[in-house]
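To start, the structure itself, in structure tokens.
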Amino acid sequence: MQLTQFTDLSLRLLIYLARLPEPGMATIAEIADYYQVSRNHLVKVANNLANQDFIMSTRGKGGGIQLARPAYAIGLGEVVRRTELNMNLVECFDIPTNQCRLIRNCFLKATLYEAQHAFMTVLDKYTLADAASLDTNTDLSAPGR
């Protein structure tokens, strides 16, 4: 299983914001520079995170983005579920479009579903605060990490 770049950048943007000193506000440009990613792509990520109520944005001079709630109140599993559009590991997970001929005699689907469930269960154990503190020596002022 591989998370999309969109979800990866969503998590990274949130971690960046969680590691900032209070009031924890940053601009898209500085985050894009830090991660060496497209500003335009990061704008789309930030818009989605704002629509999902993970971040808030303030326009104008001195504006930027910040977490909408404390990092300890944002679960990693919640972020992944709300940013990954398709969590179907295999074709048969999507009943309406499934064309698999082995579906009636297949043990694989149940095994893969169990594995996906275990993956999400692990993510559900951790919060953004946990992820942001894994490497507390990271210097956010150093572009390109």
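If you read the sequence from its start, that first residue is 1, and numbering goes on from there.
Closest approach of A46 to L13, counting heavy atoms only: CB-CD1, 4.2 Å. Taking both residues in full, the closest heavy atoms of A26 and L17 are given as CB-CD2, 3.9 Å, listed atom of the first, atom of the second, then distance.
A32 pairs by the side-chain contact (heavy atoms from CB on, under 4.5 Å) definition with V37, R39, L42, not counting sequence neighbours. Under the side chain to side chain donor-acceptor pair (under 3.5 Å) criterion, D53 pairs with no residue at all, not counting sequence neighbours. Every residue meeting the side chain to side chain donor-acceptor pair (under 3.5 Å) condition with D124, not counting sequence neighbours, appears here in chain and number order: R81. In this structure S57 satisfies the side-chain contact (heavy atoms from CB on, under 4.5 Å) test together with I65, sequence neighbours excluded. Residues that satisfy the side-chain contact (heavy atoms from CB on, under 4.5 Å) test with T83, not counting sequence neighbours, are F6, T7, S10, N48, L49, V79.
Put simply, M56 and I15 are part of two different groups of oily side chains (I, L, V, M, F, W, Y) that touch within less than 4.5 Å, one to the next. M25 and F54 fall into different hydrophobic clusters, where Ile, Leu, Val, Met, Phe, Trp and Tyr are joined by side-chain heavy atoms under 4.5 Å apart, directly or via other members.
With a 4.5 Å cut-off on side-chain heavy atoms, V122 and L76 do not count as touching. Residues H41 and L9 have side chains in contact (heavy-atom distance under 4.5 Å, counting atoms from C-beta outward). Between L14 and I55 the shortest side-chain heavy-atom distance falls below 4.5 Å.
For residues 61-73, every residue pair satisfying the side chain to side chain donor-acceptor pair (under 3.5 Å) rule, not counting sequence neighbours, is listed here: R69-E78.
For the pair Y35 (side chain) and R12 (backbone), a donor-acceptor distance under 3.5 Å is present.
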